[in-house]
Amino acid sequence: MNNKGILFFFAGFIAMLVFGWFLFPSLMYQKLEQPFHFSHVTHTEMTGMSCNDCHYVKSDGQFSGIPTNENCSMCHMGILGETEDERIFVEEYMMQDREVPWFVYSRQPENVYFPHVQHIDFGEISCERCHGEHGTSESLRPFQRNRLSGYSRDIWGPSISRINNPAGIGMKMNDCIRCHEQSELTIGCIGCHK
Amino acid sequence: MSKRFNRRDVMKIVGGGIAGMVFTPIPWKLIDDLSIWTQNWSWIPVPLKGDINYKYSICTICSAGCPVRARNVGTQPVSLWGIKNHPVNNGALCPLGFGGHHLAFHPARLRHPVKIVHEKNKISTEKVSCADIISLIRKNIESKQTPQTGNLIAMLDDRPGRTVSYAYRAFLAQIPNGTYITTGTDETDSMQGLYEILGTENQEYGFNIEKARTIVSFGAPLLEGWGIPGRMMHARKNGCRILQVETRFSHTASVADRWLPVKPGTEAVFALGLANVLINENLIDTDKLSYQSANFDKELKNYKECIAGYTPAYVAGRTGIKEELIREIAREMTTETPSLVICGREPAAGPFSREEQIAIWGLNFLLGNIGPGNLIVPRRSVPAGASFSETKLASVKKISDLPDHSIRVLMIDEAESGHAIPWQLIERKLVADNPLVISMSPYLAGMTKRADYVIPAPTQYESCQDIPPSFDSQTATYAVSAPFYTPPENVIQPTEFLNRLAEDIGIEKTNGSYTDMIKERTAEIYEKKRGWIYIPHNGRLIETADVFTGQQFWSHLNNGGYWIDEPLEQADNYSISLFGISHDRGSFEKALRQIDKSYPSENTTYPLALVPFGWRGVVDSGPVTPLITKLYQETEFRKGTNRALIHPETGGFSRLRDGAQTTIVTDSGELQVRIEFNDSVMPGVVHVALGPDQDSITGVKEVRIKENILSVCSLKDNGTWRMTPARIGTV
């Protein structure tokens with residue numbers, strides 16, 4: 001290959017590196033705004049509520065997940081405050097008895113069974129370990145949906161390479177396995193894939 | 001350098017781009033996302049969503065009867081799990097049991113009575129009515145046949161002791177030539193040698209595995225689903241040592257404390273070698289044994305003379321185990337006590353012969369293991385229920401004991417033992433001229449593919465079923481598998497089918513529904529007021545005497561409760577026969593000589609020893625759950641059907657390469673296999689796997705009768721097929 005050939009080869013090489021590391025991730029994920037903004041910090045700091053008031057483990061061990069309108073109805077039957085988000089929530093959802101179609105950042109595929117009760121109560125793992133500082137957020141960040149799989153960017157984690165991901169970042173099977181290994185907990189396939 | 005940008009330059013840029021792509025996340029990320037994308041296709045089934053509730057029941061896939069907790073969405077179970085710390089199995093479930101709730105939706109499921117049309121190796125089905133099948137059976141019963149032409153109307157039940165088994169026996173006792181048979185291929189049959197030594201047929205025995213410190217297993221797949229699997233796993237966790245005497249490096253052998261790879265067919269010789277050391281080195285407690293057995297002194301003298309030739313030096317030459325190691329194992333059995341000897345059976349290779357069983361089980365007597373408080377303990381039988389206790393029942397016969405070509409009508413019960421049954425074992429007992437074979441099975445798989453008609457029976461968790469004690473259970477137990485689903489419309493409970501048949505031929509029907517029969521049996525258990533019932537909801541053991549009413553007792557059982565009897569206290573003194581009650585010393589010695597000569601084969605045409613192998617619950621070719629496909633098809637964690645393992649030396653001798661397609665040839669025929677070299681296989685031996693066939697996994701539309709390794713194994717008159725002389729051909 002002459003000098004010109006080497007130059008073109010490296011041009012293609014570098015272009016692909018730039019595309020693969022910087023453009024491809026943003027192409028793979030579609031940014032979607034939540035139906036309206038929700039401030040966790042307003043609910044925890046101004047009203048004195050805790051995470052467990054809305055996201056709790058039921059008496060039979062099931063996790064409540066994202067609260068439904070029924071949970072919110074005690075305070076939000078009418079518009080509280082003057083924000084546009086509050087108006088949307090009350091007028092378009094509460095008053096019309098429609099559940100809010102939230103995009104769930106941590107939703108796992110259907111073939112995964114994740115028992116919150118075992119991790120919270122028995123494993124004594126804090127919510128932040130997997131969900132980060134979500135509980136103290138002012139508003140909801142855009143949901144990044146994978147164009148192929150349909151799942152959230154949070155499952156893959158912020159680093160596209162996933163190299164040296166710290167514990168608690170990413171929610172793929174390898175992340176579960178790594179955490180279990182660190183805690184010296186062995187579990188077979190059917191522990192999570194039932 | 002030319003200034004012109006040409007096609008070649010474009011190719012160089014593309015080449016550089018492709019090379020660069022390898023150093024980006026693109027390929028890896030796309031592979032990952034695409035695999036997840038395939039899980040989200042609209043036709044991929046997903047678990048139901050909704051309110052979760054829990055229900056308790058018992059798995060009936062095999063005779064172990066493991067308790068399960070079902071996680072349900074509404075009435076639909078979405079997952080099954082064991083019940084932690086359950087006194088029967090310590091909460092363990094096998095891979096089949098975990099997917100038991102999937103079986104109702106298996107693609108091979110039958111939902112209507114069918115006629116099976118056989119064309120060469122292919123079969124197809126035609127819908128028929130239940131009345132058509134009943135009419136055919138009636139005609140056969142009414143036809144005047146003689147023993148010479150074959151006149152038996154037989155019911156094959158491979159899981160005797162259930163309430164339905166008693167219903168079959170009551171029905172057969174009423175019709176001329178009615179015969180109730182078992183194949184004798186399950187684990188219970190491996191205990192017949194022990195019963196022969198103890199001279200008893202009516203007294204049941206079980207094992208106090210939890211008390212054993214050492215277990216010497218002769219071919220029993222102890223850690224692969226033997227008995228109640230959770231018991232063995234729990235004992236192992238608690239430090240029980242396992243010494244595995246087996247030719248093949250099985251999964252159990254691979255995790256045992258010692259693997260003793262004896263040459264095929266020499267297990268009994270090895271056992272007699274151990275007995276020789278135990279007796280000649282005075283390692284047995286003669287005072288204890290004299291106290292336990294009235295005829296001990298005389299029996300020991302005879303036995304000592306009989307096994308005098310099985311010195312460690314001789315046994316070492318026959319088995320391939322070093323002389324010093326034989327002495328060491330025998331000594332270990334008396335120092336690492338209490339030690340239990342188990343005569344097992346390989347799920348695909350079948351049971352040991354009766355004489356081999358006697359030689360192996362006899363070690364337990366020398367170790368003082370038999371009797372209450374020891375490792376092999378007597379237990380009570382579970383009552384049959386008031387109506388069957390007062391009814392005449394057909395006796396239990398083993399199929400190999402029937403004359404060839406004697407069965408005119410064969411009905412096959414759906415419950416499988418989980419062990420392989422060569423079809424030729426059954427086929428040779430059928431009349432040559434148009435036998436009628438009717439299977440009462442939920443699936444078009446396994447033996448059902450050989451039948452002429454199928455009455456579709458309810459499957460797992462579709463009807464109330466009862467579970468008598470597993471053969472290894474140390475006390476009597478009883479449980480009821482409560483249904484989760486309603487069976488499809490045209491599915492018929494076997495007892496209901498028998499009632500319709502009884503009505504048609506004009507004999508007495510059974511009283512009430514099948515659930516009523518089970519209720520009647522539980523009432524009889526309750527009346528004894530003995531033992532405990534384990535309540536899974538709260539993990540409590542309640543004394544039977546503390547349950548207020550029989551209805552309440554039934555309610556506990558029907559909600560996942562498990563009745564456990566008290567240990568049987570019995571006098572220690574009994575009369576034993578170390579040669580077995582059906583033998584004298586002469587016939588026992590003659591049989592041993594025959595066994596001793598079986599390997600190596602002197603047959604130059606068939607110089608190899610063919611030994612099949614497989615996994616309990618899968619080798620019977622019945623339907624398997626989706627989890628099994630992971631173990632066989634995707635990961636090859638288990639060897640699939642017709643995979644032949646040979647030592648590279650054997651392969652080299654036959655000019656074969658690893659992965660080659662070839663044929664295994666025996667006196668009974670030939671079979672195409674795929675060769676896999678494995679250093680753990682003994683030279684001169686070929687192990688061929690028996691796994692689930694494609695119909696058992698996917699229930700393909702055009703069902704084929706594909707031959708497996710059992711079809712070329714030599715079936716002996718005593719119903720065993722552990723080792724067959726074979727050679728390797730080439731395709």
Side-chain angles (χ1 to χ4, degrees), chain A residues 1-25 27-29 58 60-63 65 108-113 115 117 145-153 155-157 159-163 170 172-174 188-194, chain B residues 1-6 8-40 44-49 51-54 71 77-82 93-95 97-99 101 625-627 630-631 635 637:
Chain A
M1 208 181 321
N2 57 23
N3 285 346
K4 181 185 155 199
I6 292 169
L7 194 68
F8 281 131
F9 181 84
F10 272 101
F13 188 87
I14 300 294
M16 184 53 80
L17 287 183
V18 172
F19 174 77
W21 285 101
F22 300 104
L23 297 176
F24 171 71
L27 283 176
M28 275 308 290
Y29 287 98
K58 298 177 191 172
D60 62 357
Q62 286 181 69
F63 184 62
Q108 287 283 334
E110 299 287 357
N111 61 351
V112 181
Y113 172 73
V117 64
R145 189 171 72 180
N146 188 303
R147 289 181 196 272
L148 272 176
S149 69
Y151 292 107
S152 159
R153 173 75 182 255
I155 303 298
W156 182 267
S159 162
I160 195 72
S161 69
R162 286 182 51 84
I163 298 168
K172 288 192 68 67
M173 190 171 75
N174 281 350
C189 308
I190 46 177
C192 308
H193 302 289
K194 298 193 178 195
Chain B
M1 192 161 84
S2 163
K3 286 183 180 174
R4 204 172 151 212
F5 188 72
N6 55 30
R8 185 169 289 189
D9 296 333
V10 173
M11 295 304 289
K12 282 168 190 163
I13 291 173
V14 170
I18 290 169
M21 189 188 288
V22 179
F23 297 94
T24 70
I26 295 174
W28 329 116
K29 176 78 176 139
L30 284 179
I31 289 169
D32 189 89
D33 288 344
L34 280 170
S35 64
I36 299 172
W37 174 64
T38 61
Q39 296 167 7
N40 292 336
I44 304 282
V46 292
L48 293 176
K49 286 188 166 39
D51 282 341
I52 302 289
N53 63 80
Y54 295 95
R71 187 168 178 266
V78 290
S79 78
L80 297 184
W81 204 248
L93 270 190
C94 72
F98 273 117
H101 58 305
T625 58
L627 191 56
K630 298 264 180 206
L631 302 178
T635 62
F637 180 68

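Residue numbers begin at 1 in each chain, while the letters A, B, ... track the order of the sequences.
Contacts of B/Phe23 with chain A are made by both backbone and side-chain atoms, with heavy-atom separations under 4.5 Å. Proximity to chain A involves both the backbone and the side chain of B/Asp33, based on heavy atoms less than 4.5 angstrom apart. Interface residue A/Phe24: only side-chain heavy atoms are found under 4.5 Å from chain B. In this structure, chain A has no heavy atom under 4.5 Å from any part of B/Ile44. Residue B/Asn53: no heavy atom, backbone or side chain, is found under 4.5 Å from chain A.
Atom-to-atom distance recorded for A/Ile14:CD1 and B/Ile13:CD1 is 13.0 Å, nearest 0.5 angstrom. Taking NZ from A/Lys58 and CG from B/Asp51, the interatomic distance works out to 6.0 Å, rounded to the nearest 0.5 Å.
For B/Pro27, the side-chain contact (heavy atoms from CB on, under 4.5 Å) partners are B/Met21, B/Thr24, not counting sequence neighbours. Shown here are the ring-ring contact (aromatic ring centres under 6.0 Å, His included) partners of A/Phe63, two or more places apart in sequence or in another chain: A/His116.
Annotation: maximal heavy-atom pairing with chain B below 4.5 Å, among A/Gly12, A/Gly150, A/Gly20, occurs at A/Gly12. For chain B, the option among A/Lys172, A/Arg162, A/Gln62 with the highest count of heavy-atom pairs below 4.5 Å is A/Gln62. Note: B/Ile26 leads B/Val22, B/Ile36, B/Ile26 in heavy-atom pairs under 4.5 Å with chain A.
Enclosure of atom CZ in A/Phe10 is not indicated, since only 12 or fewer non-hydrogen atoms of other residues, nucleotides or ligands lie within 6.0 angstrom.
A donor-acceptor pair under 3.5 Å is absent between the side-chain atoms of B/Arg71 and the main chain of B/Ile52, judged by distance alone.
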